[in-house]
Structures are given as C-alpha cells and as structure tokens.
2 protein chains.
Amino acid sequence: MKVALATPPDTATLLDLDKQLCFPLYAASRLLTRIYQPLLERYGLTYPQYIVLMILWEKTPCSVTEIGERALLNSNTLTPLLKRLEQQGVITRTRDSGDERVVMIALTEHGRALKSKCACIPTEMQQRLGFDPDKAIALKQLLDEFLRHLRAHASDHLA
Amino acid sequence: MKVALATPPDTATLLDLDKQLCFPLYAASRLLTRIYQPLLERYGLTYPQYIVLMILWEKTPCSVTEIGERALLNSNTLTPLLKRLEQQGVITRTRDSGDERVVMIALTEHGRALKSKCACIPTEMQQRLGFDPDKAIALKQLLDEFLRHLRAHASDHLA
DNA sequence: AGCGATTATATCGCACAAGATATAATCGCT
DNA sequence: AGCGATTATATCTTGTGCGATATAATCGCT
C-alpha cells in the first residue's frame, strides 16, 4: 500500500516552470542576446554573426565545417548567415582549390578592422550587465562544463 | 609611457569565443532544446510550445500578456505559436467579454490531458542528460539569479 | 578506371524571436 | 460626452535554427 504520498517529487510538480533547468537557460540566452543587440547593430551585426566573426578573428580562413563545429551550427543555418556577411563585405567565400567541396571563409580588410572596433564590447557588456563578477565566473564555469557534457552526450543521441 | 602592456586583460583577448559568457549560454540552450525535441514531438509539441503549456498547466485560462510575461515572449512570437496550438486543439482563444482587447487562452480537454502524458518528461530528461544532479542544481540556482538580474536590468535598458 | 559510399555545402520547409508598426478597445481627463 | 493616451493583440519583415533532403566533389575499394 502507498503510504508517504504526501511529500514531494510527485511528477505533476516537476512540470512547474520554476522547476525547469532549461527554461532559465533559454530565457537568459535570449535576454542576454537582446542586451548585445544595440552594441552590435552599430556594425550591422547580429549575435550569431558576431559569434562567427569571433571564430574568424581567432583563425582565418576557416572552412564552413570548422566554423560549424566551433559555433555548434549546421550548414542550413550557416550558409545564409555567411552569405549575408559576404554581402556586407565582411568575409569572402571561396571554394578550396584542393577540394572543391570545401568553401573557405576568410575575413576581408573590413572584417579584420571590425575586430578592433568590437574590442570594447566585452568590457562594455560587463559594465552594462553589472552582474557580480564572481558569480558570472562561477556561472560560466558551470555552463562550460554543462556544454562539454551536452556535446559529448549529443553524439550518443545521434547514434 | 606605457609599461606593463605585457600581461592580460588586453582587449583583443577578451574577444576569444572561450572567454564569453553568452556563447555557452546560447549553445547550451540550443543543445538542451534538441534533447527535448524527440520527447516532445510524440505529442506534436515544440519546446516553446511546451513552455507555454507549462504556464497553462499551472493556471488556466491566462491572457496572452500573462503568458508573455511568464515566458518572456512578446505577442509577435506568441500570436502565431498560440494559433498553432489552437489548430492542434490544445488550447482555445477567446476574447474576454469584459475587455475585448484581451484574448484569453484556455486549455482544452486534450490540452489538460497532455499534462499527465508529459509528466514523465522531466524525469526522463534528467536520466537522458546524466548530468551530476548537484551541479545541475547549482547551475539552475545561478541561472535563476542571473535571469532575475537580467529581467530587472532589462527594464533599465528599455527606458 | 569504375562505382558505391562518404563528405561538404546548399536548399526547402517550418517554427521561433524580436523590432517596428498597425489596429482596435479601453481609460482618463476635462 | 469627447478625445487623446494607453493597452492588448496582431501583422510585417528580417534573421536565425534545425530536420530532411539535394547536389556535387572526393574517397576507397576492387
């Protein structure tokens, strides 16, 4: 016979929005992106485009696949995004002469110049956020660990 | 004259993808949503739709604005999402008789029934994730705090 | 060399997101 | 009562995201 039905983990309760891990992740991601937006639109960039540029600022040129692995985005998202960056004159897209399947993405002069213009963004974001730096670091560490876990786990699920 | 230019926080370095807080947030949010997907598509739901349903399972009916405040989504996102849920017979949309500007969203019988069908999802996600529960709790707490901070802060920036 | 399997991008369709703007109903003040 | 301001949704446009599929180039094996 069922006895201690009184106390928690009853399944209905677990469906409360406030109990979810995913929701604050999802909401915080969108809100933080919104705070980036006014800083980025000065240069005509969206947040995902900024991610791609950060990858290219570290190493250029990069193949589409390399960018996808780093940003965790597939070609169906990257192709149009990269075409927009190309139209803005920020990057070039060139087929690799050695392997014609590969499209190499390289920064233009303008794209390189954007790096120094964007250099103030991380600091400015930190100021605008005004979130306790210690907590931000703790959060980032946990998130990085969680992301590593998810990446390792994702391959399980694709199998 | 500039002297100690050698050591860190030089601005260029801060643009490294690995230094960013937003990127793991953004990436983890998308990866986690992907893990939800196979569980949700059994019931023809997307993750944002599931969020809205969790809100309605706690309290029905709700106005569009109430849902928007809870889910942090605006009408331009909610209106089409809610219309799709209506077409699926999960919710109804009715103008409030007292105030015709307000559209009240209520669960249908089917929508209510989905709650018990979805009851297993939180537990199943936890199992599938296999992420250290203590770390998950710590992460959620930090995220909740960060989200509260962002919400409070967002209003500053909208001003 | 020949050809099926693999790989790298691209395309298509659908569903968010969010700013800007439109529309209609209600409120508040005189 | 009248009317400008506010409020609640809806619509339009642009830009992601992502599953499914298409296409073209390369690889691997015989």
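Shown for residues 75-86 of chain B: residues whose heavy atoms fall under 4.0 angstrom of DNA chain D, namely B/S75, B/N76, B/T79, B/K83. Interface residues of residues 92-108 of chain A facing DNA chain D, ordered by number: A/G98, A/D99, A/E100, A/R101; criterion, heavy-atom separation under 4.0 Å.
Panel note: side chain B/S116, backbone B/A113; a donor-acceptor pair is recorded below 3.5 Å. Checked by atom type and distance alone, the side chain of B/S29 never pairs as donor or acceptor with a backbone atom of B/L25 at under 3.5 Å.
For the pair B/F23 CZ and D/dG17 P, the computed distance is 11 Å after rounding to whole Å. Between the CD atom of A/Q87 and the C1' atom of D/dT14 there is a distance of 13 Å, rounded to whole Å. As rounded to whole Å, 15 Å separates atom C1' of C/dA18 from atom CG of A/L40. Following rounding to the nearest Å, A/Y50 (OH) and D/dG15 (C1') show an atom-to-atom distance of 19 Å. One can place OH of B/Y47 at 14 Å from P of D/dC18, the figure rounded to the nearest angstrom. One can place OH of A/Y36 at 18 Å from C1' of C/dA18, the figure rounded to the nearest angstrom. Rounded to whole Å, the distance from CD on A/Q37 to P on D/dT16 is 11 Å. Look at CG on B/L73: it is 16 Å from P on C/dA15, rounded to the nearest Å.
If you check every strand for non-hydrogen atoms under 4.0 Å, A/S63 touches sugar and phosphate atoms only.
Using a 4.0 Å cut-off between charged nitrogen and carboxylate oxygen, A/R42 and A/E124 count as a salt-bridge pair. Between B/R93 and B/E86 there is a salt bridge, since a side-chain N of the basic residue sits under 4.0 Å from a carboxylate O of the acidic one. Taking 4.0 Å as the cut-off between side-chain N and carboxylate O, B/R70 and A/D18 count as a salt-bridged pair.
For the pair B/R148 and B/F146, the cation does not sit on the ring face, since its NZ or CZ is not both under 6.0 Å from the ring centre and inside 45° of the axis.
Nearest nucleotide to the side chain of A/Q49, out of D/dG19, C/dA18, D/dG15: D/dG15.
Here B/F23 pairs with nothing under the ring pair (Phe, Tyr, Trp, His ring centres under 6.0 Å) rule; sequence neighbours left out. Not counting sequence neighbours, B/Q37 has no partner by the side-chain hydrogen bond (donor to acceptor under 3.5 Å, both in side chains) test. Scored by the ring pair (Phe, Tyr, Trp, His ring centres under 6.0 Å) test, B/Y43 finds no partners at all (sequence neighbours excluded).
Distances shorter than 4.0 Å separate some side-chain N or O of B/Y26 from OP1 or OP2 on D/dG17. Contact annotation: A/R34 does not reach the phosphate of C/dA17 (side-chain N/O to OP1 or OP2, under 4.0 Å).
Using cut-offs of 30° and 60° on the angle between ring planes, the pair B/Y36 and B/Y50 is tilted.
If you take NZ on B/K59 and CD1 on B/I67, they are separated by 8.5 Å, rounding to the nearest 0.5 Å. The distance from atom CG of B/L107 to atom CH2 of B/W57, rounded to the nearest 0.5 Å, is 8.0 Å.
With a cut-off of 3.5 Å on both pairing distances, the Watson-Crick and G-U wobble pairs of DNA chain C assemble into stems of 3 or more at C:1-30 with D:1-30.
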